[in-house]
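Just below is one structure, and these are the notes that go with it.
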Amino acid sequence: MNFGVIGYGYWGPNVVRNLATLEGSHLLAIAEINPTARRRAQKAYPGVPVTSDASDLILSPEIDAIVIVTPVWTHYNLAKTALENGKHVFVEKPFTSNSAQGEELINIALRKNLTIMVDHTFLFTGAVKKISNLLHEGTLGKLYYYDSTRVNLGLFQHDINVLWDLAPHDLSIMDYLIKASPEAVVATGQKHLNGCEDVAYMTLYFPEKVIAHINVNWLSPVKVRTTLIGGEKRMVVWNDLEADEKVKVYDRGVDVTSREGVYELLVNYRSGDMWAPQLEQVEALRHELSYFVDCISNGQEPINDGCAGLRVVKMLEAASESLSNRGSLVYL
Ligand SMILES: NC(=O)c1ccc[n+]([C@@H]2O[C@H](COP(=O)([O-])OP(=O)(O)OC[C@H]3O[C@@H](n4cnc5c(N)ncnc54)[C@H](O)[C@@H]3O)[C@@H](O)[C@H]2O)c1
């Protein structure tokens, strides 16, 4: 598979590093409009042509797939031109700036029999794979809630607010774990510095009483990446910043019973063991790019296809509507 990568800013070098060494992939060219970033790419990959014009890659007959690692507002145009020129597309999260754009890209890909993969990197981490197994094999019991704190100082994005920047990680994880769309969304937040919300809170109501909350913040003095996942039988604490033992499973919970003839409910707290399951240690992005090559070669629909990207964009759109009305309930 011959690749062209557009965008060599913060995240682009990670994609390029993996593509340059991945079996089955051949990095043919990089496009970057910023001259400083272009020089960095040239220095790191002297054998790879680096151009300022993305259309050199999109129009090249040698390139099979285009990887788009540019700001969100540019995703739609670049992806559309790439698909129209017969290229498979791997595009960064969030997929597009709105759902109409996402739907159009999905239709073009369908018509031209091309693959779209949206970089929902966390789905390929050992932690999310393990949590998914624990949930779907019944170890956690019925899911009650998903509660995530994803805060740090910066990196400020200029074209999107903190929800569109950081929440896609949790929304794509929830989409994968819960396998249902939320019924309604509430979001609140505040703009302090550059006209975009830099602190935001999002609540999602899923079917069957599953509730989710996401706290995202660019103004936090410390970096926190902690998610609590509560089930009827067991609960998980996932601290992504821990070097070892990122995921801990607690055999703790609450049992409610009612004694016959007694009308008040009896609440019993359960306390049991905690264990830290072993997690797969591969780099998630590498695993994901290799899966992209496999999906194209085998004609397989990726779990993180355009439709998955679109579901996340729809949640973000609902959150934006709620945010602009100071937390009104928005139904999806
Ligand atoms: N999956 C993840 O974990 C993850 C992490 C960080 C960023 N991202 C996503 O990656 C994308 C880029 O984010 P970033 O932080 O690297 O941004 P960035 O601003 O650091 O880098 C983007 C680069 O794209 C270049 N660019 C813009 N338009 C271009 C064009 N038409 N042709 C060629 N180059 C162009 C810019 O000059 C810049 O160097 C965003 O969608 C972001 O959400 C994903």
Side-chain angles (χ1 to χ4, degrees), residues 3-19 29-44 48-60 63 66-82 85 87 89-98 101-102 105 116-125 127-128 148 150 152 154-173 175-176 194 196 216 218 223 225 240-241 283-289 291-292 302 304 308-309 312-313 316:
F3 281 94
V5 178
I6 307 176
Y8 196 82
Y10 163 70
W11 192 243
N14 293 323
V15 175
V16 168
R17 171 173 52 77
N18 280 298
L19 286 178
I30 300 169
E32 169 56 62
I33 48 174
N34 179 308
T36 314
R38 242 187 350 262
R39 275 195 295 279
R40 266 196 297 126
Q42 266 154 357
K43 196 165 172 221
V48 177
V50 182
T51 167
S52 60
D53 189 354
S55 52
D56 291 346
L57 277 56
I58 291 172
L59 299 176
S60 159
I63 288 179
I66 296 286
V67 180
I68 301 167
V69 204
T70 53
V72 184
W73 66 272
T74 65
H75 290 179
Y76 164 73
N77 270 330
L78 290 168
K80 187 176 173 189
T81 334
N85 282 281
K87 314 296 185 204
V89 164
F90 182 99
V91 56
E92 270 314 317
K93 62 81 195 162
F95 181 27
T96 48
S97 301
N98 60 57
Q101 293 177 344
L105 296 181
I116 298 178
M117 184 177 279
V118 182
D119 184 6
H120 290 163
T121 327
F122 275 98
L123 305 192
F124 299 86
T125 57
V128 171
S148 172
R150 193 175 290 279
N152 49 264
L155 306 158
F156 273 78
Q157 298 283 339
H158 303 288
D159 59 329
I160 48 171
N161 66 21
V162 70
L163 266 180
W164 282 74
D165 180 34
L166 295 179
H169 294 307
D170 291 297
L171 299 178
S172 60
I173 295 167
D175 179 64
Y176 177 65
N194 70 349
C196 292
V216 283
W218 283 328
K223 182 169 177 174
R225 296 284 186 268
D240 203 47
L241 301 184
E283 184 183 349
L285 183 59
R286 187 172 188 81
H287 190 165
E288 186 180 14
L289 289 164
Y291 173 61
F292 182 54
N304 50 334
V312 169
V313 169
L316 291 168

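In listed order, ligands and their atoms are each counted from 1.
- A salt bridge does not link R39 to E32: none of the charged side-chain nitrogens sits closer than 4.0 Å to a carboxylate oxygen.
- Looking at atom 19 (O) of ligand 1, its nearest protein heavy atom turns out to be P71 CG, 4.4 Å.
- Atoms of ligand 1 found under 4.0 Å from any heavy atom of T121, numbered from 1 in the order shown, are 1 (N), 2 (C), 3 (O).
- Counting only distance, with no hydrogens or angles, the side chain of H75 and the backbone of T70 share a donor-acceptor pair below 3.5 Å.
- Ligand-side atoms of ligand 1 in range of H75: 41 (O), range being under 4.0 angstrom from any heavy atom.
- Distance check on atom 13 (O) of ligand 1: every protein heavy atom falls at or beyond the 4.0 Å cut-off.
- For the pair L285 and W11, the minimum side-chain heavy-atom distance is below 4.5 Å.
- The closest protein non-hydrogen atom to atom 36 (C) of ligand 1 is E32 OE2, 3.3 Å.
- Those atoms of ligand 1 that come under 4.0 Å of a heavy atom in G9, given as number and element, are 20 (O), 21 (O), 23 (C), 39 (O).
- Separation of atoms OH (Y76) and OG1 (T81) is listed at 9.0 Å; rounding is to 0.5 Å.
- Summary of contacts: the protein heavy atom closest to atom 11 (C) of ligand 1 is T70 O, 3.3 Å.
- Between atom 16 (O) of ligand 1 and the options F95, W11, F122, W164, the minimum heavy-atom separation is to W11.
- Under a 4.0 Å criterion applied to the non-hydrogen atoms of E92, ligand 1 contributes the atoms 1 (N), 4 (C), 8 (N), 9 (C), 10 (O), 11 (C), 41 (O), 44 (C).
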| field | Residues T51, D53; criterion side-chain hydrogen bond (donor to acceptor under 3.5 Å, both in side chains); working and verdict | value | CA-CA 5 Å; T51 167; D53 189 354; 5.9 Å; no

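- Ligand 1 is approached by H169 to a heavy-atom distance shorter than 4.0 Å.
- Summary of contacts: the protein heavy atom closest to atom 41 (O) of ligand 1 is K93 O, 3.0 Å.
- Annotation: cation-pi pair R150/F122 present, NZ/CZ under 6.0 Å from the ring centroid and within 45° of its normal.
- Note that the OG atom of S97 and the CG atom of L316 stand 10.5 Å from one another [nearest 0.5 Å].
- Here's the thing with T74: none of its N/O atoms is less than 3.5 angstrom from an N/O atom of ligand 1.
- Note on ring orientation: taking the six-membered ring where Trp is involved, the planes of Y291 and F124 are tilted (angle from 30° to 60°).
- With sequence neighbours left out, the side-chain hydrogen bond (donor to acceptor under 3.5 Å, both in side chains) criterion links R286 to N18, T21.
- Looking at atom 22 (C) of ligand 1, its nearest protein heavy atom turns out to be V69 O, 3.6 Å.
- In terms of protein heavy-atom proximity, atom 34 (N) of ligand 1 is closest to I33 N, 3.3 Å.
- In terms of protein heavy-atom proximity, atom 18 (P) of ligand 1 is closest to Y10 N, 3.9 Å.
- The protein atom (non-hydrogen) at minimum distance from atom 32 (N) of ligand 1 is I6 CG2, 3.5 Å.
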| task | Apply side-chain contact (heavy atoms from CB on, under 4.5 Å) to V67 and F3, showing your working. | result | CA-CA 7 Å; V67 180; F3 281 94; 3.6 Å; yes

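- Counting the atoms of ligand 1 from 1 in the order shown, those under 4.0 Å from a heavy atom of A31 are 33 (C), 34 (N).
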| field | Worked verdict on D159 versus W164 for side-chain hydrogen bond (donor to acceptor under 3.5 Å, both in side chains) | value | CA-CA 9 Å; D159 59 329; W164 282 74; over 6 Å; no

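- Of all atoms in ligand 1, numbered sequentially from 1 with element shown, those under 4.0 Å from a heavy atom of N34 are 37 (O).
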